[in-house]
> 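Starting off with a structure, shown below.
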Number of protein chains: 2
Amino acid sequence: MVQKQEYLSKNQKIVLDHVEKANQPLKAYSILFNVQKKGLKAPLQVYRALDKLVEIGKIHKIESRNTFVACKNSNCVVSNATAFSICESCEKVTEINNSKLSKYLSNFEDNSGMKYSKYNLEFFGLCKKCKNK
Amino acid sequence: MVQKQEYLSKNQKIVLDHVEKANQPLKAYSILFNVQKKGLKAPLQVYRALDKLVEIGKIHKIESRNTFVACKNSNCVVSNATAFSICESCEKVTEINNSKLSKYLSNFEDNSGMKYSKYNLEFFGLCKKCKNK
DNA sequence: TAACGCATTGTTATATTATAACATTATTAT
DNA sequence: ATAATAATGTTATAATATAACAATGCGTTA
């Protein structure tokens, strides 16, 4: 299997490393605060790294929350088909990895004749823990 | 006993009216600028009206763009199941009204056992016009 | 009808999220 | 080696959104 190799720059590695270790979505300025000891001083340094990491699919942006989370799907190369479940109580976010869903959405066409190259889906509800409270 | 609001307040009417006439998503501060002649002076007045209008489903937020668009679906009461197509070139946004899609997504369950009460889906691509350029 | 509850309004200030602009350095391709 | 491209560093500022508090309007009910 041929896999595209990604060389990450110093800042990109620092940011990705931090986001991967979090296991939950992080805000850009929280990332900034936490990587300042590694030399990243300004918001732009974080945002530029995030932009690139989102572009290559290593990180996804949770649009409704303005947060960033590491991709759990190891073979996710580009971020063109994303789905998340979001608990509206504890804000826990989980990436949904469901081939039926992704097939359905990737092939979706409406009557406008527009063919979609990308989608982002966010489900909201209460997670098991919060439902039982 | 709390009664559900039947009528829109003055500010809510002004904001909804403006957004409905636009036929395209608007940014909050663009709305603010345009309703200043009607007496709304501060961002909060616009955001508060938008919050309420989104809550009751008269307006939807395009999360990936931080813009607000009037709901075209006349019988849309609450905004708990939304889907949009977004042209990445001209930024034209269309609300997708497809009963198969909404049924599929409203009934979707993943293996987490989480039942979703709400979703928002954004498709991206090139609209017909932009594809032929 | 008076008083309570609650949504809405008005206002100032501030928090949060994100990008512009420009100079410099590193990496890659030829 | 050189040119093209990507990444970095830095300061400043734009764009988006909320906090806090006082006041007003309006329906409910005691």
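Just so we're on the same page: letters track the sequence lines, and every chain starts at 1.
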> Tell me the bend of the helix from dT1(C)-dA30(D) to dT30(C)-dA1(D) as the angle between end helix axes, each from five pairs, rounded to the nearest 10 degrees.
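Computed angle between terminal axes is 40°.
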> Side-chain polar contacts of residues 23-32 of chain B - donor-acceptor pairs under 3.5 angstrom, sequence neighbours left out - could you list them?
none

> Taking only residues at least two apart or on different chains, which pairs with a member in residues 84-104 of chain A satisfy ring-ring contact (aromatic ring centres under 6.0 Å, His included)?
His60(A)-Phe84(A), Tyr104(A)-Tyr104(B)
> Using whole Å, report how far NZ of Lys13(A) lies from P of dA7(D).
12 Å
> Among residues 20-30 of chain B, which ones have heavy-atom contacts with DNA chain D below 4.0 Å?
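The stretch gives Lys27(B), Tyr29(B) as the residues lying under 4.0 Å from the strand, ordered by number.
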> What residues form a side chain to side chain donor-acceptor pair (under 3.5 Å) with Asp17(B), not counting sequence neighbours?
Lys21(B)
> Test of understanding: with ring-ring contact (aromatic ring centres under 6.0 Å, His included), list the residues that count as partners of Phe108(A), not counting sequence neighbours.
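Partners of Phe108(A) by the ring-ring contact (aromatic ring centres under 6.0 Å, His included) criterion, ordered by chain and then number, come out as Phe123(B).
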> Tell me, which pairs form a salt bridge (charged side-chain N to carboxylate O under 4.0 Å, His left out) where one or both residues lie in residues 101-124 of chain B, sequence neighbours left out?
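Sorted result for residues 101-124 of chain B: Glu88(A)-Lys118(B).
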> Using a 4.0 Å heavy-atom cut-off to protein, can you give one letter per nucleotide of nucleotides 25-30 of chain C, 5' to 3': B if the base is in contact, S if only the sugar-phosphate is, - if neither?
------
> Tell me, which of residues 61-70 of chain B have any heavy atom that sits under 4.0 Å from an atom in DNA chain D?
Lys61(B), Asn66(B)
> Does anything in residues 34-51 of chain B pair up under salt bridge (charged side-chain N to carboxylate O under 4.0 Å, His left out), and if so which pairs, sequence neighbours excluded?
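Found none.
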> Using nucleotides 20-26 of chain D, report all nitrogen or oxygen pairs with the protein that are shorter than 3.5 Å.
none

> What residues form a side chain to side chain donor-acceptor pair (under 3.5 Å) with Glu20(B), not counting sequence neighbours?
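For Glu20(B), no residue satisfies side chain to side chain donor-acceptor pair (under 3.5 Å) once neighbours in sequence are set aside.
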